[in-house]
K.L.:
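Dropping the structure in here first, questions after.
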There are 2 protein chains.
Amino acid sequence: MKRGIDQPPPLAPPLGGAVSPDDDIAVDGPLHDRVYRQLRHALVTGGIVPGRAVTLRGLAQQLGVSPMPVREAIRRVSAEGGLVVGANRRVWVPAMDGERYDELIRARTLLEPEAAVRALPHIDRERLDRLRDIDDSIDVALERGDVEAYMAGNHRFHFEIYAANPSRVLVPLIESLWLQFGPFMRSVYGRLGTAVLVDHHVNALDAIIARDSEALAAAIRADILEGMELIASSVLAAAPASDEDADRRRA
Amino acid sequence: MKRGIDQPPPLAPPLGGAVSPDDDIAVDGPLHDRVYRQLRHALVTGGIVPGRAVTLRGLAQQLGVSPMPVREAIRRVSAEGGLVVGANRRVWVPAMDGERYDELIRARTLLEPEAAVRALPHIDRERLDRLRDIDDSIDVALERGDVEAYMAGNHRFHFEIYAANPSRVLVPLIESLWLQFGPFMRSVYGRLGTAVLVDHHVNALDAIIARDSEALAAAIRADILEGMELIASSVLAAAPASDEDADRRRA
DNA sequence: CTCGGATCAATGTGATCACAATTTCGCCGA
DNA sequence: TCGGCGAAATTGTGATCACATTGATCCGAG
């Protein structure tokens, strides 16, 4: 049973997890920009859980700022698909369903290999070293069963590659996709643990070293497909909507 | 010579063309939403020209609203890539260059055929009729040399197809792409006229009638490639940056 | 005990104001 | 005539307030 976007749903205390005034989020620039990054980070790492309404004043109070910069940050995130505004004008973390998930996978497999290939010529020695470090940290996170560290590492690994290309067309599109499945993945991993996760990044690293475009594209595509289809088959088939799950898990 | 994003550039009177409080833009919903649609429309149809700064209060005054809803609209559009905010915090219509244009083409050819194929099963009789009407209006616009009508029709034709799919993943990505090359296309067409334009939509219509996914994908891909590469070869090669052109043309 | 309506709290929206940074323009000196 | 330099205007940003609307809460009628 799929619930509409702006139906009666159980409005609970403004926010679930912490929004994490985490580290590694730069503290310069306009306030609304800082709020934007914090909000984005909270979504990708699962600090904000699907099925819960996000209120302006609530977020503002949590972050210790006035509602004004939060308003702009929310507008920005919702433009990227990380949040949806109902006809109520109320803001939600969008629910996941099979169709949406399928389109996200498809869009990722279309765009990310392309972005990787275009970035390949720009990947220098230092970036490659950073990629290796990230890959190591991912292995550590997997062994320790640290879901959040794995997700952060995985994100950094992919975008450390794509960002080598200075152009800003493909990367924002891909960021938008990650922002959309991020919260969902978190809630899934939280239930499954890291046991099911495998590190496919070695193939990508080898392809980069060999400067092999096709191999790199194939590695990225395989990484996306195996990871996301694994999740899809093990979860989405059984529980089509993630909203109720999140709510139930909270109780 | 490519100019950086937020360099000294010639800040001229707030806005060039009219922002067009045009028709067919719904007048309900929150003010910031209306402003968003007007701003978007102005960008796609070329009402706002690249290389000119967009000021908050300027836009607000042109639209007869307070700066507040404009702020949110701009934040939203810039999140979609239709505007860029410099380190100055000043807002620009981004300049076009070969690399960016190439990535836009690539992203379009990757995403739009996919979106069309996924929409195909949902295209019913009424939608097909609307598509035929739009195609007719495009032919009329081409004969009359009406660039703006052609662009509007072309936009409507593509999204009338894609929007048949209720899911909201691929379509927003594609809208973002159109928003990015829209202003540029306008300035190009304005110089070339509609003589160089051909209507490739008939093949798409045939494919839809035949329910042929592959043919539809091919038609869309061909439409994108021929249209955009024609422009690229005839203009971008000669004048890599569109900023200066726009400014010069204004003088 | 259940249902329906009225009251009250909370939400998003928009306007206005103050402020600091930036840009622009006019002026003076070379 | 040209090149800085300082004043003034303009910009984006953030806060606060008022308001209409929506959601929750509570109370009483059945």
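Below, all heavy atoms of this structure are taken into account, side chains as well, without hydrogens, waters or symmetry copies. Just so we're on the same page: letters track the sequence lines, and every chain starts at 1. Just so we're clear, the structure is a prediction, and the values are computed from it rather than from any experiment.
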K.L.:
Quick check: closest heavy atoms across B/Arg156 and B/Ser137, and the distance to 0.1 Å?
P.N.:
NH2-OG, 4.1 Å
K.L.:
Taking CZ from B/Arg76 and C1' from C/dT13, how many angstroms apart are they, rounded to a whole number?
P.N.:
14 Å
K.L.:
Return whichever of B/Ile74 or A/Met68 has its heavy-atom-nearest nucleotide of DNA chain D closer to the 5' end.
P.N.:
B/Ile74
K.L.:
Nearest of D/dG14, C/dT13, D/dG12 to any side-chain atom of B/Pro30?
P.N.:
C/dT13
K.L.:
Using a cut-off of less than 4.0 Å, is there contact between a side-chain N or O of A/Asn88 and OP1 or OP2 of D/dG23?
P.N.:
yes
K.L.:
Could you check how far CZ of B/Arg90 sits from C1' of C/dT22, rounded to whole Å?
P.N.:
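After rounding, the reported distance stands at 7 Å.
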K.L.:
Rounded to the nearest angstrom, tell me the gap between atom CZ in A/Arg57 and atom P in D/dT16.
P.N.:
12 Å
K.L.:
Just the rounded figure in Å: distance from C1' of D/dT21 to CG of A/Leu56.
P.N.:
15 Å
K.L.:
Any ion pair linking A/Arg186 and A/Glu148 (charged N to carboxylate O, less than 4.0 Å)?
P.N.:
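A salt bridge links A/Glu148 with A/Arg186.
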K.L.:
For a quick test of reading the model: is some side-chain N or O of B/Arg75 closer than 4.0 Å to OP1 or OP2 of D/dT13?
P.N.:
yes
K.L.:
Less than 4.0 Å between a side-chain N and a carboxylate O, is that true for A/Arg34 and A/Asp28?
P.N.:
no
K.L.:
Starting at CZ of A/Arg89 and ending at C1' of D/dA20, how long is that distance when rounded to a whole Å?
P.N.:
9 Å
K.L.:
Counting distance alone, no hydrogens or angles: does the base of D/dG12 have a donor or acceptor under 3.5 Å from a partner atom on the side chain of B/Arg71?
P.N.:
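Flag unset: no donor-acceptor pair detected.
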K.L.:
Output the rounded distance in Å from OH (A/Tyr36) to P (D/dT13).
P.N.:
15 Å
K.L.:
Nearest whole angstrom, please: distance from the P of C/dA10 to the CG of A/Leu59.
P.N.:
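To the nearest whole Å, that distance equals 17 Å.
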K.L.:
B/Glu72 has an atom CD; how far is it from atom P of D/dG12, in whole Å?
P.N.:
15 Å
K.L.:
Is it true that B/Arg118 and B/Glu114 make a salt bridge, defined as a side-chain N closer than 4.0 Å to a carboxylate O?
P.N.:
yes
K.L.:
Got a salt bridge between B/Asp102 and B/Arg106, using NZ or NE/NH1/NH2 to carboxylate O under 4.0 Å?
P.N.:
no
K.L.:
From the options D/dT11, D/dG14, C/dG12, select the nucleotide whose nearest atom is closest to the side chain of A/Leu31.
P.N.:
D/dG14
